[in-house]
Structure formats: structure tokens, C-alpha cells
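Notes follow once the structure below has been shown.
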Amino acid sequence: MFEDVLTINQILSQQNITIYLIIINIIGFFIMFIDKKKAQNGSFRISEKTLFIVTLLGGGIGSILGMYTFRHKTKKLRFTIGFPIIVFIEISVIIYLFFIK
């Protein structure tokens, strides 16, 4: 009856984590594009809080690439410093958890 139940190790497999990170970074890239277009059109914008949440959820590399590709938020210190710091901290935690600990 319970032999088909997934374990936490199966859910958090390296393959699933890799797929998640690819998807969240694509989302990060495209929300920067969408927000830039909305800014150009004077439409309702994606909140800065949302942009930071996507970055905190692992989409930092995509968000940074989107920021510089579309030249969006590049004059705001909060983004040009904040996004890289978040990515640095996340990578440091991953290195610590998987390689040092």
C-alpha cells in the first residue's frame, strides 16, 4: 500500500533540484523582461518585492542576466548589489551543506 510513496530523498534528488533551478532562473529572467516592457508602456508593474522573492527562491542568476540584458533596474543600487549578494550567499550555503559539512 505504501510502496508507491515518495521519500524526501527522491523528491529532493539532484535531478529535481537542477530542474527547479533551471525553471526558477528562466522565470527570473523573464520577469525582468516583462517588468521592463511594462515600465516602457506605463502599465502596472511587477513589484520589487516579487523580483526579490524570485531571486531568493533561487532565481538570482536569471534575474541578474535579465537585469543586464534588458537594462532594467541597473541604476538601482538595491538591485545591482542586492541580487549578487543573494546569489553569493545561496552559493556559499550550498557549498557548505554539500561539500564542507
Side-chain angles (χ1 to χ4, degrees):
M1 177 174 166
F2 291 107
E3 59 271 354
D4 291 336
V5 176
L6 291 173
T7 66
I8 193 74
N9 290 335
Q10 291 170 318
I11 293 169
L12 295 177
S13 70
Q14 185 176 3
Q15 179 183 7
N16 288 345
I17 292 171
T18 302
I19 291 168
Y20 168 78
L21 288 173
I22 289 169
I23 290 170
I24 196 71
N25 278 285
I26 290 170
I27 291 169
F29 184 81
F30 280 108
I31 64 168
M32 295 304 281
F33 171 74
I34 292 166
D35 195 47
K36 174 70 176 195
K37 289 300 173 192
K38 287 180 176 237
Q40 290 172 337
N41 296 333
S43 321
F44 182 73
R45 305 278 301 279
I46 297 172
S47 72
E48 291 184 354
K49 181 180 177 181
T50 301
L51 299 174
F52 272 100
I53 288 172
V54 170
T55 301
L56 285 168
L57 290 174
I61 294 171
S63 296
I64 292 170
L65 287 173
M67 181 172 62
Y68 287 105
T69 300
F70 306 116
R71 295 185 191 145
H72 186 53
K73 305 280 188 192
T74 55
K75 293 182 181 179
K76 290 197 169 195
L77 201 58
R78 169 188 301 175
F79 288 90
T80 58
I81 301 282
F83 281 6
I85 287 174
I86 292 169
V87 171
F88 176 77
I89 291 169
E90 289 176 342
I91 289 172
S92 299
V93 168
I94 289 169
I95 289 170
Y96 175 75
L97 291 175
F98 291 102
F99 299 107
I100 296 175
K101 191 173 178 186

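Nothing fancy with the numbering, it's 1 onward along the sequence. Note that the structure is a prediction, hence the values are computed from the model and not measured.
Residues Leu6 and Gln10 come closest through the heavy atom pair CA-OE1, 3.2 Å. Of all heavy-atom pairs spanning Met32 and Ser63, the tightest one is CG-O, 3.6 Å.
By the criterion of side-chain heavy atoms lying less than 4.5 angstrom apart, applied directly or through intervening Ile, Leu, Val, Met, Phe, Trp or Tyr residues, Met67 is grouped together with Ile81 in one hydrophobic cluster.
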What pairs of donor and acceptor atoms, side-chain ones from residues 70-77 against any protein atom, are under 3.5 angstrom apart with sequence neighbours left out?
{"residue": "His72", "atom": "NE2", "partner": "Asp35", "partner atom": "OD2", "Å": "2.6"}
{"residue": "Lys73", "atom": "NZ", "partner": "Glu48", "partner atom": "OE2", "Å": "3.3"}
{"residue": "Lys76", "atom": "NZ", "partner": "Glu48", "partner atom": "OE2", "Å": "2.6"}

For residues 83-100, dump all side-chain donor-acceptor pairs below 3.5 Å to protein atoms at least two apart in sequence or in another chain.
{"residue": "Ser92", "atom": "OG", "partner": "Phe88", "partner atom": "O", "Å": "2.8"}

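The number of heavy-atom neighbours closer than 6.0 Å to CZ of Arg78, taken from other residues, nucleotides and ligands shown, is 12 or below. Enclosure of atom NZ in Lys37 is not indicated, since only 12 or fewer non-hydrogen atoms of other residues, nucleotides or ligands lie within 6.0 angstrom. More than 12 heavy-atom neighbours from other residues, nucleotides or ligands sit within 6.0 angstrom of CD on Gln40. Other residues, nucleotides and ligands contribute over 12 non-hydrogen atoms within 6.0 Å of the CZ atom of Phe52.
Here Leu21 pairs with Ile17, Ile24, Asn25 under the side-chain contact (heavy atoms from CB on, under 4.5 Å) rule; sequence neighbours left out.
Side-chain contact between Phe29 and Thr69 is present, with heavy atoms from C-beta onward closer than 4.5 Å. Counting only heavy atoms from C-beta outward, the side chains of Leu12 and Tyr20 never approach each other to under 4.5 Å.
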